[in-house]
> 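Next up is a structure, given as structure tokens.
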Amino acid sequence: MALRCAVELGVADAIHRRGGAASLDDLLAELSLDASRLPCLRAVMRALAAAGVFAEGGSDVEYRLTAVSSLLVDDGSDRGSLAPATLLFVAPPFVTPVVNLTEWVLAGAGAGDGNSSGNSGAAAATAFEMAHGGDIWGVLGRDAALGGFFNDALASDTRFVMDMAIRGSAAKVLEGILSLVDVAGGAGAAARAVAAAFRGVRCTVLDLPQVIDAVGDPGDGLVEYVAGDMMEFIPPADAVLLKTVSYATDVLHDWSDQDCVNILKRCKEAICLKDARGKVIVIDIVLGSSPHAICSQTQLWLDLLMLTITTRKERTEKEWSRLFKEAGFSQYKTRPALGHLSIIEVFP
């Protein structure tokens, strides 16, 4: 909640405007806060500095940006700021189900024994549903403001992940590709990042009609938008992209194993219509894939969060391998190249 407070106030941007270092008085002025809030601001900044979000030092107790808080700065770059994605994880609609996780677990004890009458939690598939009376997609559909906040967060996360993928060693995955379809690509943040970095790649975004209608025509011709259902048909291309973002929103970990196999079969058809040398590019979590403890811990926390918000889960490499085999693919290659995320190249 201290982090949420600092992000909503725009503390990182305020420090950035001050040249990278700011005292508490500087922050009061930059953020237009009343002087009576100085003790609270001091406590928030001390706590976040102890956690490594900001750095504290100097004779006048100045606060500076760290590698972490630098990601919260909106400096106008293509990568953008991770502030919207960060707020998604600490927003009340998504925190409440986690707080009530025990209540949901206990409610399940009475399900099916004839003693669950009147227990709303027993009928809820997830802690999110118990807290809000509907699944995440229904709630987002009913609340336009929450839906807009959610979409902004996803776009923020996608820009960051794709910036890492394109600028890092993972860019080799895109070498030799002339066409790419971003399945369930939404507003097209990922496809647009690829198209901007690799001008020779023709990029297409496939999503449901209502999603494409909401996006409209950007008018720059950078990518093509196609309305359709990935369960039925995916346009032919050299590569099909299936990516993950924050949580409950990517193409595969939001679906059952059988649905994933069906999606992967449509992908296989798409890359084999033109040339059997095509591939599917999956950006997702592979549990246990990272050699870094902090990334492994993040994967496990996100697995728990997935079960809190949705009915789905993260997968191990063995579970991924089984899905690829059932969908008719012959081989795959995993690159743990994006922190807690991996890039999986899947070949027919």
Side-chain angles (χ1 to χ4, degrees), residues 67-68 70-86 88 151-207 215 218 220-226 234-235 237-247 249-253 267 270-271 277-286 289-290 292 295 298-299 302 332-347:
V68 174
S70 293
L71 300 177
L72 302 173
V73 174
D74 187 357
D75 58 3
S77 66
D78 292 338
R79 184 195 70 190
S81 166
L82 272 181
T86 303
L88 181 64
N151 291 334
D152 287 344
L154 303 193
S156 162
D157 199 34
T158 297
R159 284 193 300 269
F160 180 76
V161 169
M162 293 308 297
D163 183 76
M164 285 199 299
I166 289 170
R167 299 181 188 278
S169 60
K172 295 179 180 178
V173 173
L174 298 170
E175 289 180 356
I177 292 175
L178 297 180
S179 58
L180 177 143
V181 177
D182 182 8
V183 175
R192 294 177 68 83
V194 172
F198 300 89
R199 290 293 180 174
V201 180
R202 178 173 58 83
C203 294
T204 302
V205 173
L206 173 72
D207 216 316
V215 172
D220 55 14
L222 196 60
V223 303
E224 178 184 2
Y225 290 85
V226 174
I234 295 174
D238 294 338
V240 173
L241 176 63
L242 304 172
K243 68 184 182 307
T244 183
V245 284
S246 296
Y247 59 83
T249 52
D250 82 306
V251 186
L252 295 179
H253 80 177
C267 292
I271 61 175
R277 293 176 298 178
K279 62 182 175 182
V280 178
I281 302 171
V282 179
I283 300 179
D284 211 316
I285 287 176
V286 178
S289 62
S290 176
H292 305 292
C295 294
T298 299
Q299 292 173 345
L302 288 172
Y332 68 93
K333 180 166 57 177
T334 302
R335 299 169 184 255
L338 301 174
H340 68 286
L341 298 173
S342 291
I343 296 180
I344 312 173
E345 297 175 89
V346 193
F347 305 94

> Using a 4.5 Å cut-off on heavy atoms from C-beta on, say whether the side chain of D284 contacts that of L242.
no
> Hey, are D182 and K243 close enough for a salt bridge, meaning a charged N less than 4.0 Å from a carboxylate O?
yes
> How many angstroms lie between CG in L88 and CG in L82, if you round to the nearest 0.5 Å?
11.5 Å
> Under the 3.5 angstrom rule, does the side chain of S156 hit a backbone N or O of S81 as a donor-acceptor pair?
yes
> For K333 and I344, what are the C-alpha separation, side-chain angles and deciding distance, and is it a side-chain contact (heavy atoms from CB on, under 4.5 Å)?
CA-CA 6 Å; K333 180 166 57 177; I344 312 173; over 6 Å; no
> First locate atom CG of L178, then atom CG of D238, and finally report the distance between them rounded to the nearest 0.5 Å.
5.0 Å
> Roughly how far apart are R335 CZ and I281 CD1, rounded to 0.5 Å?
10.0 Å
> CD1/I343 to CG/L241 distance, rounded to the nearest 0.5 angstrom?
9.0 Å
> How about S289 and S342: does a side-chain donor come under 3.5 Å of a side-chain acceptor?
yes
> Grab the two heavy atoms, one from A153 and one from P84, that are nearest each other, plus how far apart they are.
CB-O, 3.4 Å
> Taking the side chain as everything from C-beta on, heavy atoms only, tell me whether P336 gets closer than 4.5 Å to V286.
no
> Please check this pair: side chain of D157 against backbone of A85, looking for a donor-acceptor N/O pair closer than 3.5 Å.
no
> Looking at side-chain heavy atoms only, is the closest gap between Y225 and V223 below 4.5 Å?
yes
> Please report the closest heavy-atom contact between V181 and A237, naming both atoms and the distance.
CG2-CB, 3.6 Å
> Less than 4.5 Å apart, any side-chain heavy atom of L341 and any of V161?
yes
> Would T158 and R192 count as a side-chain contact (heavy atoms from CB on, under 4.5 Å) if you check the C-alpha gap in whole Å, the side-chain angles of each, and the deciding distance to 0.1 Å?
CA-CA 11 Å; T158 297; R192 294 177 68 83; over 6 Å; no
> Do the side chains of L174 and L180 get nearer than 4.5 Å, heavy atoms only?
yes
> Provide the closest heavy-atom pair for P235 versus L206 in the form atom of the first, atom of the second, distance.
CD-CD2, 4.1 Å
> Give, for atom OG1 of T204 and atom CD of E224, the distance between the pair rounded to the nearest 0.5 Å.
4.5 Å
> With a 4.5 Å limit on heavy-atom distance, are the side chains of V226 and V205 in contact?
no
> Just verifying a value: how many Å separate K279 NZ and E345 CD, rounded to the nearest 0.5 Å?
4.0 Å
> Looking only at heavy atoms, what is the nearest atom pair of V282 and V346, with distance?
CG2-CG2, 4.2 Å
> Show the nearest heavy-atom pair for residues Y332 and F347, with the distance to one decimal.
CA-CD1, 4.4 Å
> State, to 0.1 Å, how close V194 and M162 come at their nearest heavy-atom pair, and which atoms those are.
CG2-CE, 3.7 Å
